[in-house]
Amino acid sequence: MKFPKLGRLVALAFVLCWVSALPAQDFRFGVQTHFAQGWNLAWVPPVGQAGITSVRDELYWNNIEASPGVYAFPASFDAYMAALGNAGISPLIELDFANPNYDAGATPYDAAGIAGFCNYATQVLLHYGSQISAVEVWNEYDGNFCTGPAAVNRPVSYQALLQSTYATIKAMRPDVTVVAGATSGTDLTFFQGVFAAGGLASLDVLSLHPYRYTSPPEGIENNIASLQTLTRLYNNGATKPIWVSEIGWYTHTSTGPGDVTITNAIQAEYVVRCYALLLSAGVERVYWYLLYDNPSQDDGVNLGLLPSSLSIPPKPAYVAMTTLTTQLQGAQFVRREGTPNSTYSLLFQRSDGTQVRILWALNPMTVFVTGATGAVDMLGNTLPLSGSFALTPSPIFVSGALAGLPNQNGTVLADTLRDFSSTQGYNGWTLGYTIAGANFTAAPTFQLRNTSAPQWTAPFFYFSITQSDQLPSSTEGAQVAAVRRWTSNTSGRVEITANFATEQQGGNGVGASILINGKLLVRKLLGGGRTTSDAFDLIAAISPGTTIDFAVDTGTGTGNSYDATAVDATITSRP
């Protein structure tokens with residue numbers, strides 16, 4: 001949206017009047033605020049005007065219990081909570097941080113400290129009553145916000161705090177949703193430690209902060225799949241709801257290879273793409289960090305949906321968020337359609353049955369389609385319905401029963417990340433090994449360890465297969481390849497896509513291969529002074545019983561040092 005002839009104040013007034021007519025949105029679309037840190041309450045209205053009805057904020061323990069056992073809520077806390085209530089915005093309250101009255105000001109770890117934290121949680125819920133329907137226990141306990149003796153074994157310490165807090169909250173307010181984790185990144189090691197200590201029994205929702213500051217959003221859905229898989233391993237095959245309670249990208253210029261330049265326009269693209277991908281992965285709520293650019297909280301980086309002043313026109317990210325919430329109002333995710341590599345079609349359906357798709361392509365292409373009844377770009381501008389759409393990294397929203405997208409009817413039959421399991425044969429997958437390229441054997445042992453990822457192992461030095469990587473070995477001078485084998489139960493044509501990437505420097509590299517019914521289709525040498533990654537995209541015919549192998553061997557020799565290799569592969573039906 002452009003305002004070439006409007007002054008800044010007039011431009012802002014125009015946008016706010018435009019979006020103020022939006023109906024109430026659901027809680028999937030959230031944003032992080034810091035009203036507890038003294039933000040001006042003038043920042044409350046823009047939240048709702050973007051179609052956002054939930055914010056994540058704080059009510060700090062040390063400000064509420066300045067003296068032991070004496071609870072007094074600062075007027076500033078009451079003021080911002082009242083402002084949120086009046087605006088119809090629901091708060092997700094972070095319960096944090098340490099209090100100098102307990103455990104010498106470190107993270108609570110002994111009985112008195114944990115009891116003090118539980119009492120603080122109780123007082124917060126008593127004071128604000130039904131306005132609070134969800135709380136998050138601590139923030140990034142696996143990172144810098146955990147100090148003192150509790151940091152010696154963070155998962156166990158967190159589980160102890162979580163267990164007591166959960167029991168206390170549920171005893172007085174069983175309706176309150178208790179959110180746990182809030183990890184810095186997708187910290188599967190921390191989650192695994194918490195789960196192993198019994199933490200899954202003391203939470204309603206898992207949360208994480210899967211930041212990808214220097215790379216695009218694509219792939220963030222795999223972070224969620226990894227957490228879901230780990231949860232199933234410890235939760236009798238069942239998952240838990242997941243909220244992403246922080247995610248965001250700051251605008252900056254690339255500092256070198258592996259770091260992408262993010263302009264205001266690209267940041268807006270990432271808003272739509274990351275929310276769409278996370279919703280497609282089953283995430284129930286997503287909170288963008290941050291509402292507005294605030295150097296005092298962000299070391300000067302520009303993470304905000306809005307600029308640093310209300311007198312400045314909104315950033316494209318804010319307008320893109322408004323478009324997103326408007327287009328997906330009442331629409332639930334149905335499926336990701338089987339489009340070609342680097343092209344995305346995420347299908348949602350509104351309550352009245354109307355289909356709406358979010359479409360984008362990392363490699364620009366034009367698609368010729370029928371059935372579109374409406375289309376807008378990410379800034380809400382209406383697009384012509386000419387029978388074709390030019391897809392770029394900037395997402396568009398297309399309504400109607402769209403037909404004609406390339407490979408639209410394809411279905412993902414198998415996914416190495418999604419389907420990783422502690423049961424051999426799950427969704428057709430068997431994880432095992434071959435010796436000198438022959439006689440595939442299923443790995444005999446599945447291990448859960450707090451110090452490493454869940455893995456399948458075999459009696460060979462170093463050998464393992466985890467959800468995301470494969471580590472080959474050798475025996476008596478012969479290569480032992482780590483193999484993921486999928487066995488088909490259907491007929492037809494499939495597209496096989498796979499990405500292999502070595503994870504360590506050193507050694508003589510690895511061999512990455514794809515085989516069908518034991519016949520080698522392709523093999524590339526990676527690492528050891530060669531390229532460190534490669535992607536494969538193949539079409540093949542299958543029938544019931546067809547086997548497709550994704551194998552990693554020890555390369556040009558039998559040395560298996562530094563051979564851990566990330567593997568991400570899918571098998572998709574093609575018309």
**Item:** Nearest atoms (heavy-atom pairs only) where Pro46 meets Leu306
**Value:** CB-CD1, 3.8 Å
**Asked** Have Asp259 and Tyr213 got a donor and an acceptor in their side chains that come within less than 3.5 Å?
**Response** no
**Results of side chain to side chain contact (heavy atoms under 4.5 Å, CB included) for Arg28 - residues two or more places apart only** = Asp26, Leu279, Leu328, Gln332
**Item:** Ring center gap for Phe97 and Trp138 short of 6.0 angstrom
**Value:** yes
**Set of residues satisfying side chain to side chain contact (heavy atoms under 4.5 Å, CB included) with respect to Ser345, sequence neighbours excluded** = Glu337, Thr339, Arg357, Leu359, Leu405
**Asked** Hey, does Phe190 have a side-chain heavy atom less than 4.5 Å from the side chain of Gln192?
**Response** no
**Considering all heavy atoms, the nearest Gln131-Gly85 contact** = NE2-N, 3.5 Å
**Prompt:** Can you tell me if Thr251 and Asn302 form a side-chain donor-acceptor pair at under 3.5 Å?
**Reply:** yes
**Donor-acceptor contact present, side-chain Asn40 to main-chain Ala42, <3.5 Å** = yes
**Message:** Any non-hydrogen side-chain atom of Tyr270 less than 4.5 Å from a side-chain atom of Ile262?
**Reply:** yes
**Asked** Taking the six-membered ring for Trp, are Phe77 and Phe35 ring centroids under 6.0 Å apart?
**Response** no
**Request:** Would you check, one step at a time, whether the test side chain to side chain contact (heavy atoms under 4.5 Å, CB included) holds for Leu206 with Leu208?
**Result:** CA-CA 7 Å; Leu206 292 165; Leu208 69 161; over 6 Å; no
**Prompt:** Is any side-chain heavy atom of Leu385 less than 4.5 Å from a side-chain heavy atom of Leu383?
**Reply:** no
**Partner of Tyr120 by ring-ring contact (aromatic ring centres under 6.0 Å, His included), out of Tyr60, Tyr71, Trp61** = Trp61
**Complete:** Heavy-atom closest pair (Ala276 atom, Ile358 atom, distance to 0.1 Å) is CB-CD1, 3.8 Å
**Prompt:** ring-ring contact (aromatic ring centres under 6.0 Å, His included): which pairs involve residues 356-409, sequence neighbours left out?
**Reply:** Tyr344-Trp360
**Prompt:** What pair of heavy atoms forms the shortest contact from Gln159 to Val194, and how long is it?
**Reply:** CG-O, 4.1 Å
**Asked** Would Ser309 and Ser311 satisfy side-chain hydrogen bond (donor to acceptor under 3.5 Å, both in side chains), going step by step from the backbone distance to the final call?
**Response** CA-CA 5 Å; Ser309 171; Ser311 66; 2.8 Å; yes
**Message:** For the CG atom of Leu233 and the CD atom of Gln228, what is their distance to the nearest 0.5 Å?
**Reply:** 12.0 Å
**Nearest heavy-atom neighbours spanning Pro314 and Pro307** = CA-CD, 4.1 Å
**Prompt:** So do the side chains of Ser421 and Arg232 get within less than 4.5 Å of each other, counting heavy atoms only?
**Reply:** no
**Fill in**
Residues Arg154 and Gly143: closest non-hydrogen pair is NH1-O, 2.8 Å
**Check against side chain to side chain contact (heavy atoms under 4.5 Å, CB included), Gln355 and Arg350** = CA-CA 6 Å; Gln355 294 182 357; Arg350 299 184 181 126; over 6 Å; no
**Request:** Classify the ring geometry between Tyr128 and Phe73 as parallel (under 30°), tilted (30 to 60°) or perpendicular (over 60°).
**Result:** perpendicular
**Prompt:** Any side-chain heavy atom of Ser133 sitting closer than 4.5 Å to one from Ser90?
**Reply:** yes
**Worked verdict on Asn222 versus Arg418 for side chain to side chain contact (heavy atoms under 4.5 Å, CB included)** = CA-CA 8 Å; Asn222 295 334; Arg418 180 195 66 189; over 6 Å; no
**Asked** Say you draw a straight line from CH2 of Trp288 to OH of Tyr275; how long is it, rounded to the nearest 0.5 Å?
**Response** 7.5 Å
**Request:** Tell me whether the centres of the aromatic rings in Tyr211 and Trp249 are closer together than 6.0 Å.
**Result:** no
**Prompt:** From Ile89 CD1 over to Ile52 CD1, what is the distance, rounded to the nearest 0.5 angstrom?
**Reply:** 8.5 Å
**Message:** Distance check, rounded to the nearest 0.5 Å: Thr177 atom OG1 versus Leu203 atom CG?
**Reply:** 11.5 Å
**Flag side-chain contact, heavy atom, 4.5 Å: Met365 against Val367** = yes
**Asked** Does the side-chain hydrogen bond (donor to acceptor under 3.5 Å, both in side chains) test come out yes or no for Thr570 and Thr497, once each step is laid out?
**Response** CA-CA 5 Å; Thr570 59; Thr497 60; 2.6 Å; yes
**Asked** Any side-chain donor-acceptor pair under 3.5 Å between Thr33 and Asp57?
**Response** yes
**Prompt:** Is the distance between the ring centroids of Tyr289 and His34 less than 6.0 Å?
**Reply:** yes
**Request:** Classify the side-chain pair Tyr292/Ser308 by whether it contains a donor and acceptor separated by less than 3.5 Å.
**Result:** no
**Asked** Should Asp204 and Val179 count as side-chain neighbours, where that means a heavy-atom distance under 4.5 Å?
**Response** no
**Request:** In plain terms, say whether Lys170 and Asp175 are close enough for a salt bridge, that is, a side-chain N and a carboxylate O under 4.0 Å apart.
**Result:** no
**Request:** Assign the ring pair Trp39 / Trp43 to parallel, tilted or perpendicular, where the plane angle (0 to 90°) is split at 30° and 60°.
**Result:** tilted
**Prompt:** Are Ser226 and Gln467 linked by a side-chain donor-acceptor pair shorter than 3.5 Å?
**Reply:** yes
**Complete:** In Thr168, Ile169, Leu162, the residue satisfying side-chain contact (heavy atoms from CB on, under 4.5 Å) with Thr165 is Ile169
**Prompt:** Any donor and acceptor pair, going by atom type alone, linking the side chain of Tyr80 with main-chain N or O of Ala75 inside 3.5 Å?
**Reply:** no
**Item:** 4.5 Å side-chain heavy-atom contact, Pro91 and Arg56
**Value:** no
**Request:** Apply the test side chain to side chain contact (heavy atoms under 4.5 Å, CB included) to residues Arg212 and Ile220: give CA-CA distance (whole Å), side-chain angles for both, the deciding distance (0.1 Å), then the verdict.
**Result:** CA-CA 8 Å; Arg212 302 164 64 88; Ile220 197 170; 3.8 Å; yes
**Item:** Side chains of Thr183 and His209, donor plus acceptor under 3.5 Å
**Value:** no
**Asked** Does Ser184 offer a backbone N or O that forms a donor-acceptor pair with the side chain of Asp142 under 3.5 Å?
**Response** yes
**Prompt:** Once you round to the nearest 0.5 Å, how far does CD of Glu94 lie from CG of Asn139?
**Reply:** 5.0 Å
**Request:** Look at the side chain of His252 and the backbone N and O of Thr263, then say whether any donor-acceptor pair between them is shorter than 3.5 Å.
**Result:** no
